[in-house]
Amino acid sequence: MRTTTFTWLFTFIGAALCVIHYLFHDHDAIYMLFYALSVPAWFASVFSNIYEVSMLKMLVIYALTIVTWALVGYIIDRFSVSYRSKSKYK
């Protein structure tokens with residue numbers, strides 16, 4: 001019994017977060033929301049100059065953000081499947 005509900009849901013959340021940031025990055029609230037919810041963006045300043053951000057660097061940050069959110073969803077799916085199988089045998 002495998003489920004991928006949270007994987008797809010969290011992947012969509014990560015993709016929506018990136019699209020909203022791309023379209024409305026000039027608004028402070030959206031800018032802060034993206035950098036609060038994107039784990040790769042937390043560490044981007046360690047590896048690059050934050051004052052010169054190219055589109056390629058942002059694409060890498062966007063891709064890593066989507067992958068990070070998908071990974072969180074996958075982990076939740078794995079735990080939910082193992083929890084259901086444990087409770088099923090009790």
Side-chain angles (χ1 to χ4, degrees):
M1 181 167 97
R2 290 189 60 121
T3 179
T4 58
T5 305
F6 286 104
T7 303
W8 287 109
L9 176 67
F10 278 54
T11 303
F12 175 73
I13 289 171
L17 186 65
C18 293
V19 168
I20 289 171
H21 180 262
Y22 179 75
L23 294 176
F24 303 109
H25 67 276
D26 53 345
H27 299 290
D28 285 340
I30 300 299
Y31 185 82
M32 300 220 12
L33 180 70
F34 177 75
Y35 282 97
L37 297 176
S38 173
V39 176
W42 298 348
F43 301 104
S45 64
V46 174
F47 300 108
S48 66
N49 184 3
I50 60 170
Y51 298 110
E52 293 181 21
V53 179
S54 67
M55 193 58 197
L56 180 63
K57 289 179 185 176
M58 281 311 296
L59 286 175
V60 170
I61 291 172
Y62 288 158
L64 289 175
T65 299
I66 294 170
V67 168
T68 302
W69 278 91
L71 182 65
V72 169
Y74 177 76
I75 291 169
I76 292 171
D77 280 334
R78 294 289 296 186
F79 279 125
S80 67
V81 167
S82 66
Y83 178 75
R84 286 182 198 162
S85 65
K86 285 180 185 178
S87 65
K88 184 178 180 180
Y89 291 115
K90 284 186 177 183

Discussion item. Nearest 0.5 Å, please: how far is CG in L56 from CD1 in I61?
Written reply: 10.0 Å

Worksheet item: Mind checking what makes ring pair (Phe, Tyr, Trp, His ring centres under 6.0 Å) contact with Y35, not counting sequence neighbours?
Response: H21, Y31

Item to complete: For M55, look at atom CE and say whether over 12 heavy atoms of other residues, nucleotides or ligands are found less than 6.0 Å away.
Response: yes

Practice prompt. Drop me the distance from L17's CG to F10's CZ, to the nearest 0.5 angstrom.
Written response: 12.5 Å

Worksheet item: What about F47 and M58, same hydrophobic cluster or not, with Ile/Leu/Val/Met/Phe/Trp/Tyr joined at side-chain heavy-atom distances under 4.5 Å?
Response: no

Worksheet item: Linking I/L/V/M/F/W/Y whenever any side-chain heavy atoms sit under 4.5 Å apart, do V39 and L59 land together?
Response: no

Worksheet entry | From CD1 (I75) to OG1 (T7), nearest 0.5 Å | 9.5 Å

Response to the item:
Tracing side-chain contacts under 4.5 Å among Ile, Leu, Val, Met, Phe, Trp and Tyr outward from L64 reaches V60

Worksheet item: Members other than F12 in its cluster, when Ile, Leu, Val, Met, Phe, Trp, Tyr link by side-chain heavy atoms under 4.5 Å?
Response: none

Fill in: Side chain proximity check, C18 to F34, heavy atoms < 4.5 angstrom
yes

Worksheet item: Would you say L71 and W42 are hydrophobically clustered, going by side-chain heavy atoms of ILVMFWY under 4.5 Å?
Response: no

Worksheet item: Would you say F6 and R78 make side-chain contact, with heavy atoms under 4.5 Å?
Response: no

Worksheet item: What distance do I20 atom CD1 and L33 atom CG have between them, rounded to the nearest 0.5 Å?
Response: 7.5 Å

Worksheet entry | Cluster check V19, W8: I/L/V/M/F/W/Y, side chain < 4.5 angstrom | no

Discussion item. Please determine whether residues Y22 and I66 belong to a single hydrophobic cluster, defined as Ile, Leu, Val, Met, Phe, Trp and Tyr linked transitively by side-chain heavy-atom distances below 4.5 Å.
Written reply: no

Worksheet item: Hey, what do you get for OH (Y62) to OG1 (T65), rounding to the nearest 0.5 Å?
Response: 8.5 Å

